[in-house]
Amino acid sequence: MSAPARTGSGLDEAGGVDNRPLDLRLEDHRRELTGYCYRMLGSAFEAEDAVQDTMVRAWKGLAKFDGRSSLRSWLYRIATNVCIDALNGRKRRAVPMDVGGPGAPVAESLREPLPDAEWLEPMPDARVSTPAGDPADKAIARETIRLAFVAALQHLPARQRAVLILREVLCWKAAEVAALLDTSVASVNSALQRARATLGEQGISEAAPGTAPSMDTAHTELLMRYMAAFEAFDMEALTALLHQDVEQNMPPLELWFRGREDVIAWMATGPGQACRGSRVAPVAINGTLGFAQWKPSGPDGGFEAWGIHALRIEDGLVTGLSIFLNKDLFGYFGLPLKLADRPELWEPKLAVGETGPPTA
């Protein structure tokens, strides 16, 4: 913000007084608010816009903040209103599996891509995670930012979505949520029950799933093997890493596949052959691991941004591949649109739990 730093007392989370400039106190909450708005909106770019709008409204409305609640609670009230306003009258963001059944891995299955605004978008972990914090809280934050969970949230009406996230993900009390939404505790509890039922229909048994596999060394090693096989375009090695019932989708395309044979056929004999010779680099995405892909761009030996791959890994195999064919995401992940070749900067060096692109 370009305005001069304003000061003013406000309660910190321990109940003390924080007299730092407002812009510094607001920034303390940017990452967690980004995660909240992302779960609400299903779009990394819209989440960032919503948080910025929240910060501007907080800055302008400081005179209305009487200090009876914490600054964090006040910001969540503003952010919730921003998100609900954004969701009113808008279609939910979808994944290709919501649109229709799986297709055949041939060029004839391709249709014109739908607008990016139709689809769920990925989120870089670095935008929503904090290096410090309780390990259990960080584990829940990772699980509830995963694509399957965020996709399921999009099936909920806006206020139910807010109630479920505040109660089950952020662990607010029912009375706190009721105060934020200007409603009753009974209404909050009813909305939570309906939201849980809807998530159950989407295959999410708990709002804050506690059974998602954690990222460990084995996950990282599997990612590195997959990346190496992808760069080498080694179909035999890739086949060995894919689950028999693996699903692959590629927003903004409606087309998706189910089954290892179809995924391999798409790459080996279908349009996916164009990815031969690509370069890749690991990324931390939606609480799990993935990689960015640059395709060969011509005779000069360069490589151009193509897609961000999010891998779902279970029991030592890849069970899901979401490939986001949106070049705008590269800048959001802190990645370049072009590579002259594969410099040392992009050698796979992602450590378990690392929350950003590899560094030199």
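In this chain, numbering begins with 1 at the start of the sequence shown. Just so it is clear, the values below take in all heavy atoms, side chains as well, and ignore hydrogens, waters and symmetry mates.
No path of Ile, Leu, Val, Met, Phe, Trp and Tyr side chains, each step under 4.5 Å between heavy atoms, connects Leu255 with Val106, placing them in separate hydrophobic clusters. The hydrophobic clustering, which links ILVMFWY residues whose side-chain heavy atoms are closer than 4.5 Å, places Leu41 and Leu114 apart. In terms of hydrophobic clustering, with Ile, Leu, Val, Met, Phe, Trp and Tyr side chains grouped at heavy-atom distances under 4.5 Å, Leu337 and Phe324 are assigned to a common cluster. Grouping the Ile, Leu, Val, Met, Phe, Trp and Tyr side chains by contacts below 4.5 angstrom, directly or via other members, places Trp119 apart from Tyr332.
For the residue pair Ala79 and Cys37, the shortest heavy atom distance occurs at CB-SG, 4.1 Å. Heavy-atom minimum distance, Ala229 versus Leu238: CB-CD2, 3.7 Å. In terms of heavy-atom proximity, Arg93 sits nearest to Gly42 at CD-O, 3.4 Å. For Pro96 against Glu254, the heavy-atom pair with the smallest separation is CB-O, 3.5 Å. Contact detail for Leu181 and Val163: the closest heavy-atom pair is CD1-CG2, 3.5 Å. The heavy-atom pair separating Leu253 from Arg111 by the smallest distance is CD2-O, 4.0 Å.
Counted by atom type alone, Arg258 and Gln248 present zero donor-acceptor pairs between their side chains at under 3.5 Å. Inspection of the Thr239 and Arg260 side chains reveals no N or O donor paired with an N or O acceptor under 3.5 Å. Between Ser73 and Ser70, the side chains place a donor N or O and an acceptor N or O closer than 3.5 Å (distance only, hydrogens not considered). Donor-acceptor pairing under 3.5 Å is lacking for the side chains of Gln52 and Arg57. There is no side-chain donor-acceptor pair under 3.5 Å between Thr34 and Arg127. If you check the side chains of Tyr38 and Asn286, you find a donor sitting under 3.5 Å from an acceptor.
Residues Leu321 and Asn249 have side chains not in contact (no heavy-atom distance under 4.5 Å, counting atoms from C-beta outward).
A salt bridge links Asp98 with Arg92: at least one charged nitrogen is closer than 4.0 Å to a carboxylate oxygen. At a threshold of 4.0 Å, the pair Glu304-Lys295 does not count as salt-bridged, since none of the basic side-chain nitrogens sits closer than that to a carboxylate oxygen. Taking a cutoff of 4.0 Å between a charged side-chain nitrogen and a carboxylate oxygen, Glu118 and Lys91 qualify as a salt bridge.
The aromatic rings of Tyr76 and Trp172 stand perpendicular to each other, their planes meeting at an angle above 60°, with 30° marking the opposite boundary.
Each of Phe230, Tyr226, Trp294, Phe333 was checked for a ring pair (Phe, Tyr, Trp, His ring centres under 6.0 Å) with His309, and the lone residue meeting it is Phe230.
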- Task: List the steps, then state whether salt bridge (charged side-chain N to carboxylate O under 4.0 Å, His left out) holds for Lys173 with Glu176.
- Result: CA-CA 5 Å; Lys173 297 177 180 178; Glu176 294 172 328; 5.5 Å; no
- Message: As a quick check of understanding, evaluate side chain to side chain contact (heavy atoms under 4.5 Å, CB included) for Ile285 and Met123, giving each step before the final call.
- Response: CA-CA 6 Å; Ile285 174 174; Met123 172 63 75; over 6 Å; no
- Message: For Glu46 and Arg90: C-alpha separation, side-chain torsions, deciding distance, then whether salt bridge (charged side-chain N to carboxylate O under 4.0 Å, His left out) applies.
- Response: CA-CA 13 Å; Glu46 287 189 1; Arg90 197 190 73 181; 2.5 Å; yes
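Remark: Arg77 pairs with Asp182 by the side-chain hydrogen bond (donor to acceptor under 3.5 Å, both in side chains) rule, at least two apart or across chains.
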